[in-house]
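Reviewing the structure listed below.
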Amino acid sequence: MAGSRLSRLALRTRWRLLDLLAATEEVAPGPPVRALGLTFPGPVGLAAGFDRCGRLYASAASLGLGSVEAGTVVAGGSPWVRPLRHSGAALRGVSLGKGPAVPWAKAEEAFLSAWRKHGGGADTLCLNPGRDCPSPERFAAVIAAIADAETERRPLLAKLAAGWPDPLQAAATWVAAGVRGILVSAEGSGDPEGVLRVLRRGLGSQVALVSVGGIRSARDALARRNAGADLVQVHRGLVHRGPALIAEINRAWRK
């Protein structure tokens, strides 16, 4: 019960922060980036988990963001993700998961249910295997199920967390199953740039790499770009520094 109260307090605090961010003065956009077959208005995206319901989408352009990823959302009990109203500004992504209580034997059903409930109107869909995925091959089956159902052929990404014994093997398996991009999480990684370099060499230039985690300055963002990332996402760095972080990265990326 205490954990539930703490979660609600953290969520309300984050919502308040969202309102404050939306009220800030405009941030100059970054240079457009072509990735996943789409044109992102800037290289900086908002990571999933910060804005679960996509509340910042309407303010994303004024914040200098190129994209906002809502979620991670699951079937049943998930927060409602707002339908997209295209304004030609930031792109909208949705991160989909299955929920920790759902066994992997029912993973396809859970992901498809989340996709049907929350995927409408998104420009990109990111599939999050969570922390309990038994193997890259098991998640590849989930990816294939979503890819088969995705008649609009919107670009799919898969989240690659630190801890996989062979990150390149996992990512390559997921690309073969139907994703066009890998969201590379640096949380828990001792060498995020090294992982990006391995993935870029192994996957080639046609697979988009999005780096998230531990980006608190333009130097961090440029290091990820130089290691092979096409785009970056911010989360905790935005909590600590606010829109100034986005502006700093956009300026550096433009140069």
Determine the minimum heavy-atom distance between [X] and [Y], stating which atoms define it.
X: His118; Y: Val94; value: O-CG2, 3.9 Å
X: Leu238; Y: Pro243; value: CD1-N, 3.9 Å
X: Ala221; Y: Val232; value: O-CG1, 4.2 Å
X: Ala158; Y: Ile143; value: CB-CD1, 4.2 Å
X: Asn250; Y: Pro43; value: OD1-CD, 3.6 Å
X: Gly66; Y: Pro41; value: O-CD, 3.3 Å

Backbone N or O of [Y] within a donor-acceptor pair of the [X] side chain at under 3.5 Å?
X: Asp123; Y: Arg92; value: yes
X: Arg197; Y: Asn226; value: no
X: Asp51; Y: Leu46; value: no
X: Arg180; Y: Leu36; value: yes
X: Tyr57; Y: Ala70; value: no
X: Arg219; Y: Ala223; value: no

Kindly compute the distance separating [atom1] ([X]) from [atom2] ([Y]), expressed to the nearest 0.5 Å.
X: Thr124; Y: Leu156; atom1: OG1; atom2: CG; answer: 9.0 Å
X: Leu65; Y: Ile246; atom1: CG; atom2: CD1; answer: 4.0 Å
X: Leu196; Y: Leu203; atom1: CG; atom2: CG; answer: 10.5 Å
X: Leu222; Y: Arg224; atom1: CG; atom2: CZ; answer: 11.5 Å
X: Leu160; Y: Phe139; atom1: CG; atom2: CZ; answer: 10.0 Å
X: Leu231; Y: Leu209; atom1: CG; atom2: CG; answer: 9.5 Å

### Query
Does the pair Val44 and Val234 meet the rule for a side chain to side chain contact (heavy atoms under 4.5 Å, CB included), with working shown?
CA-CA 7 Å; Val44 185; Val234 294; 4.0 Å; yes
### Query
What class does the angle between the rings of Phe111 and Trp104 fall in, given that below 30° is parallel, 30 to 60° is tilted and above 60° is perpendicular?
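Aromatic pair Phe111/Trp104 classed tilted.
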### Query
Does a donor on one side chain sit under 3.5 Å from an acceptor on the other, for Glu109 and Ser113?
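No donor-acceptor contact under 3.5 Å links the two side chains.
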### Query
Would you say the side-chain atoms of Trp115 and Glu150 include a donor-acceptor pair closer than 3.5 Å?
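Yes, because at least one side-chain N or O of Trp115 sits under 3.5 Å from a partner of the opposite role on Glu150.
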### Task
Find out if a path of hydrophobic residues (ILVMFWY) with successive side-chain heavy-atom gaps under 4.5 Å connects Leu127 to Val102.
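No, it is not one cluster - the side chains of Leu127 and Val102 are not joined through contacts under 4.5 Å.
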### Query
In terms of hydrophobic clusters joined by side-chain contacts under 4.5 Å, are Leu112 and Trp174 together?
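They do share one cluster, since a chain of ILVMFWY contacts under 4.5 Å joins Leu112 to Trp174.
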Around [X], counting heavy atoms of other residues, nucleotides and ligands shown, do more than 12 lie under 6.0 Å from its [atom1]?
X: Arg154; atom1: CZ; result: yes
X: Arg254; atom1: CZ; result: yes
X: Gln169; atom1: CD; result: yes

### Result of checking Arg225, Arg34, Arg200 against Asp230 for salt bridge (charged side-chain N to carboxylate O under 4.0 Å, His left out)
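Exactly one pass, corresponding to Arg200.
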### Task
Take Asp132 and Arg138, measure what salt bridge (charged side-chain N to carboxylate O under 4.0 Å, His left out) needs, and give me the verdict at the end.
CA-CA 11 Å; Asp132 62 340; Arg138 183 65 190 91; over 6 Å; no
### Query
Is Glu248 salt-bridged to Arg241, cutoff N-O under 4.0 Å?
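Yes.
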### Task
Take Phe50 and Val68 through the side chain to side chain contact (heavy atoms under 4.5 Å, CB included) test and state the conclusion after the steps.
CA-CA 9 Å; Phe50 189 103; Val68 170; over 6 Å; no
### Task
May I ask you to test the Lys159-Ser185 pair for a side-chain heavy-atom distance under 4.5 Å?
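A side-chain contact exists here, since the closest heavy-atom pair is under 4.5 Å.
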